[in-house]
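One structure is given below, encoded as structure tokens.
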There are 2 protein chains.
Amino acid sequence: MISCPKCSEVGSIMKAGYVRNKQRYVCKDCNYFFTLANPESPVPGKKARRHQTTIIDIARSIGVSNSTVSRALHGHADISPETRQAVLNMASQMDYQPNQLAYNLVKSRTNTIGMIVPEFHNPFFPNVIIGAHHVLTEAGYNLTIMQSNESYPVEVSNTKAMLANRIDGLLISLTQETNNFDHLKVFEKRGIPLILFNRVCDHVEVPKVVVNDFDASFSAVEHLILNGYERIAHLGGPLTLLVSRERLRGYRAAMEKHGKSIEENMIIQGMFSQQKARIYGKYLLELENRPDAIFAVNDSAAIEIMLLAMEKGIRIPEELGVVGFSDNPESAYIGPGLTTVRQPTLEMGTTTAEWILQMVDSETEIAMPTQKILKTELVVRGSSNRIRDI
Amino acid sequence: MISCPKCSEVGSIMKAGYVRNKQRYVCKDCNYFFTLANPESPVPGKKARRHQTTIIDIARSIGVSNSTVSRALHGHADISPETRQAVLNMASQMDYQPNQLAYNLVKSRTNTIGMIVPEFHNPFFPNVIIGAHHVLTEAGYNLTIMQSNESYPVEVSNTKAMLANRIDGLLISLTQETNNFDHLKVFEKRGIPLILFNRVCDHVEVPKVVVNDFDASFSAVEHLILNGYERIAHLGGPLTLLVSRERLRGYRAAMEKHGKSIEENMIIQGMFSQQKARIYGKYLLELENRPDAIFAVNDSAAIEIMLLAMEKGIRIPEELGVVGFSDNPESAYIGPGLTTVRQPTLEMGTTTAEWILQMVDSETEIAMPTQKILKTELVVRGSSNRIRDI
DNA sequence: AAAAGTATCGGTAACGTTTGCGAATACGTT
DNA sequence: AACGTATTCGCAAACGTTACCGATACTTTT
């Protein structure tokens, strides 16, 4: 029989509806509504959630208060050496691991910097990560990395996840699709440090770290021209990216400076996977009046062009000059070596990391530089090094 | 004048020491001790911590309780369509972003998988990361990456940080220094899913994902032997790593199977940076009776050997056969191409990720496979491809 | 000896969410 | 009218830490 939890009466219990699929009762005597507590029925194979020892456990076991334990663990001043030692001993004895989540919640900071990159496949972003990771780790910060996968919706959801996780600052390199920047403006509004790198945009007022794409492109193309190439094609990136537009500008400027006519059908813009590069390369090399040099958006595209040319028996650099971008490891070893633009990837990582740390660590609003332009370097190798006096 | 906060008396206030650098007072009338509240003195340039709108804010502004808002946001059942809609509207209007920290604290899970790798410089680990990242992201999990930098103390502190951040599971590849495994046993004791990959050890009972190093090494060396090489040197990794020991075993087994005598001074174990590889390579190539083939621990070491041989005018593969390990991108392009062992890096990442998800998602204890051995593939290129009938 | 200062510790309100349990109301059925 | 049922919502206790504000007891100064 059921007895009332309040008056212990047995006879006057009546059903009184259901609450969340559980029978509800009422005691007619004391007018007390109640449901029966769940019988203790642990699911057999259920994982027993181990209890992690907390500050409270330590406090109880040596008879002090939580605040004392907290202060002792953090080396505060208001603690006698004896109690501090007792707390420390008990902590290691009970194998205490602080709960960073609770700490983060109360301090509303996470000691974590977020980083969103569009992809991982080129060595470029991993290298930036290495640089940033090093600096942040030295400073005691964690780094969480997300990958937008060159997709704008994913980028937006990534930024939301970063916000939800309350990162202290964000480093981001944009997608090629990104042309709406509301998700970045949220960071401005919230006062959360944000830095754009490599793939930047003009629509948001935060520090940016880029390379001198215009100059790099200009000198690469000029280098080709000085080596006697006349009809230079450009395999560029998607024009949604500022990077691509800058490189195109550099290409045009160099061509114009040296009075070379630009044939628009030799300028191809798009995102270059390995296959795409092969398709467009085939198109270029089979043109009736094919280019005698190609300036490609990245090294893997350039190498694909080189392989294609070799298949067709086109000699490099005599009949075709090739210049890439990024200086991947393989570019040094392919024969002939690929002339390419070396980017200071590590430095890009360290710079962005150092900047974000400045912004995060400063208690007050500080003036940050708006932009840093890192210098690239043209690495001249065999693929473009034609006898000067042609 | 100062008045007592309790009896509002003015005349009988006396100083009564300092409390935390603040003047303390006592009222002689009511014997009430007190200090003066801090005057509101916002530091001028101080960053105004923007208030993030919380569930409570939403609740207040539409006159319901927190729990109602929480349930509405999560699509619970006990909510009328109207209130749910009102909550949702207000949430987006007030630009609400959930606080994952608070969520994590109460749920004591973070939806985050941790990963600790010894280094980033070889493409190996970045590729594993790509694989794991893909799987985890698909499943709605985050991935935090830490780098132990081949240092045991750093590895230990990394695991502590992972524990403190209450990750739901850990993927780890050990340091070459690691020979104490207490920091891993903590995970077992706490019931936190743990998987070792690539750099594993025998001292902890968790799932492991590795490649068949023994077989790979065996077939690489056998391939050299079948190409007529007799005196094969081995540039191996540090023997603290199981990987290195397995490869050494494979080397010895292949040599013994084919009746080749092993000269112990041609076996060099150590961690090979680019410079180290050059030093040891110089040593080997300048031996009185120099080896006619070298099986190296990784591709960068192998390539360093190749470059060194070229400098010395030693022809590859005629006078020296070289085999590497990992199949870095550059290995395909160097001339002659480097024969090497291709490792399924992406698969290693996806496998570990899938396994850790199984372990994390399961409510009950489940039986996990103890080990998965991924298959490698010997990629034969010019550096070892000598005419068979020498 | 009174007053002032020092050293050490406790109580407790946050931080923002989730959730079990209870309760109120409306509705339907004898 | 009396009772059973369904729907919808609120209360309050966690989760683990930090830090402000006091509260003692003791030591030093006047």
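Note that the coordinates shown come from a computational prediction; the quantities given were computed from them, not determined experimentally. Throughout, protein chains are lettered first and strands after them, A, B, ... in sequence-line order, and every chain is numbered starting at 1.
- Spacing between atom CG of B:N165 and atom P of D:dG16 amounts to 15 Å, rounded to whole angstrom units.
- Whole-Å rounding puts the B:R84 CZ to D:dT8 P distance at 9 Å.
- Here the side chain of B:R71 is nearest to one of C:dG10, C:dG16, C:dT19, namely C:dT19.
- Atom NE2 of B:H74 is separated from atom P of C:dT19 by 8 Å (rounded to the nearest Å).
- B:Q97 places no side-chain N or O within 3.5 Å of a backbone atom of A:L163 that could act as its donor or acceptor partner.
- Using a 4.0 Å cut-off between charged nitrogen and carboxylate oxygen, A:D95 and B:R190 count as a salt-bridge pair.
- If you take CG of B:D78 and P of D:dC11, they are 16 Å apart, rounded to a whole angstrom.
- Between D:dG16, D:dA19, C:dT8, one nucleotide has an atom nearer to the side chain of A:H76 than all others, and that is D:dA19.
- Interface residues of residues 60-70 of chain B facing DNA chain C, ordered by number: B:S67, B:S70; criterion, heavy-atom separation under 4.0 Å.
- If you measure from atom OH of B:Y103 to atom C1' of D:dA14, you get 16 Å, rounded to the nearest angstrom.
- Side-chain atoms of B:D361 and B:Y141 include a donor-acceptor pair closer than 3.5 Å.
- In this structure, CG of B:L105 is placed 13 Å from P of C:dT19, rounded to the nearest angstrom.
- Mapped onto DNA chain D by nearest heavy atom, A:L73 and B:V106 fall at different nucleotides, with B:V106 at the one closer to the 5' end.
- Distance CD1 (B:I79) to P (C:dT19): 13 Å, rounded to an integer number of Å.
- Side-chain atoms of B:D168 come within 3.5 Å of backbone atoms of B:T110 as a donor-acceptor pair (strictly under, hydrogens ignored).
- Within the nucleic acid shown, A:I55 comes within 4.0 Å of sugar-phosphate atoms alone, with no base atom in reach, counting heavy atoms only.
- In terms of phosphate contacts, A:K107 brings no side-chain nitrogen or oxygen within less than 4.0 Å of OP1 or OP2 of C:dA14.
- Distance A:Q85 CD to C:dT8 P: 14 Å, rounded to the nearest Å.
- OP1 or OP2 of D:dC9 lies within a sub-4.0 Å distance of a side-chain N or O belonging to B:S80.
- Counting only N and O atoms by type, the side chains of B:S67 and B:S70 include no donor and acceptor under 3.5 Å apart.
- Inspection of the B:S65 and B:T68 side chains reveals an N or O donor paired with an N or O acceptor under 3.5 Å.
- When the nucleotides C:dT17, D:dG16, D:dC9 are ranked by their closest atom to the side chain of B:T83, D:dC9 comes out on top.
- When the side-chain nitrogen and oxygen atoms of B:Y96 are compared with OP1 and OP2 of C:dT17, one or more of them lie within a distance under 4.0 Å.
- Between B:H74 and B:Y103, the ring planes are parallel. Angles under 30° get that label, and only those over 60° would be called perpendicular.
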